[in-house]
A.B. asks: 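Below you will find the structure I want to go over with you.
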Amino acid sequence: MEAETSRKPFNTRGFIAILLVTAGAILPVSGVMNHQLQMDTLTTARHFWMAVHNMAATLFVLASAAHIVLNWKPLVHHCRKSAQMVLTKEAGVALAVVLGVVGLFAGHALHVR
């Protein structure tokens with residue numbers, strides 16, 4: 001058997017998808033660490049986690065934009081198809097859970113003393 005000499009081209013869609021998932025996975029971890037260190041003075045640890053969070057967020061936004069551009073036709077097709085759909089009870093419950101949990105946790109910032 002002969003060894004395959006042709007090389008596969010660089011898979012841009014795969015690269016963007018992995019970049020998006022990796023940067024997105026870093027965001028919650030660095031966000032929690034920023035929350036834990038928020039009252040500290042600008043220590044090395046706090047500066048590190050702020051830099052990690054900021055760069056992961058930047059990469060996530062850029063990869064999201066690239067993902068939308070690379071998948072524009074399927075996205076438009078999906079939006080046109082889903083515009084005719086009625087909100088299912090699963091989607092309604094999921095939406096209510098997300099809004100409830102986020103509202104509950106974010107509501108502590110609105111607490112008046």
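Reckoned from all heavy atoms, side chains included, excluding hydrogens, waters and symmetry mates.
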A.B. asks: Just to verify, what does Leu62 make a side-chain contact (heavy atoms from CB on, under 4.5 Å) with, not counting sequence neighbours?
C.D. replies: Thr58
A.B. asks: Test question: given the 4.5 Å side-chain rule for I, L, V, M, F, W and Y, name all other residues clustered with Val102, or answer none.
C.D. replies: Val98
A.B. asks: Please report, to 0.1 Å, the donor-acceptor pairs under 3.5 Å made by any side chain of residues 30-43, with sequence neighbours excluded.
C.D. replies:
residue, atom, partner, partner atom, Å
Ser30, OG, Ile26, O, 3.1
Ser30, OG, Leu27, O, 3.2
Ser30, OG, His53, ND1, 2.7
Asn34, OD1, Met50, N, 3.3
Asn34, ND2, Ser30, O, 3.3
Thr43, OG1, Arg46, N, 3.2

A.B. asks: Sequence neighbours excluded, which residues qualify as side-chain contact (heavy atoms from CB on, under 4.5 Å) partners of Ala91?
C.D. replies: Leu87, Thr88
A.B. asks: Could you work out the complete set of other residues in the hydrophobic cluster of Leu99, with links drawn between I, L, V, M, F, W and Y side chains under 4.5 Å apart?
C.D. replies: Leu95
A.B. asks: Tell me, please, which residues at least two apart from Val86 pass side-chain contact (heavy atoms from CB on, under 4.5 Å).
C.D. replies: none
A.B. asks: Of all residues at least two apart in sequence or in a different chain, which pass the ring pair (Phe, Tyr, Trp, His ring centres under 6.0 Å) check with Phe10?
C.D. replies: Phe15
A.B. asks: Check side-chain hydrogen bond (donor to acceptor under 3.5 Å, both in side chains) between His67 and all other residues, then give those that pass, not counting sequence neighbours.
C.D. replies: Asn71
A.B. asks: Indicate, with yes or no, if Val76 and Val69 share a hydrophobic cluster defined by side-chain heavy-atom contacts under 4.5 Å among Ile, Leu, Val, Met, Phe, Trp and Tyr.
C.D. replies: no
A.B. asks: Quick one: ring pair (Phe, Tyr, Trp, His ring centres under 6.0 Å) pairs with a partner in residues 71-92, sequence neighbours left out?
C.D. replies: none
A.B. asks: Could you tell me which non-hydrogen atom of Ala25 sits nearest to which non-hydrogen atom of Pro28, and how far apart they are?
C.D. replies: O-CD, 3.4 Å
A.B. asks: Can you list, by chain and residue number, the hydrophobic cluster partners of Leu59 when the side-chain cut-off is 4.5 Å?
C.D. replies: Met55
A.B. asks: So which atom in Phe60 and which in Ala23 form the shortest heavy-atom distance, rounded to 0.1 Å?
C.D. replies: N-CB, 3.9 Å
A.B. asks: Excluding sequence neighbours, so at least two apart, what forms side-chain contact (heavy atoms from CB on, under 4.5 Å) with Leu70?
C.D. replies: Thr12, Arg13, Ile16
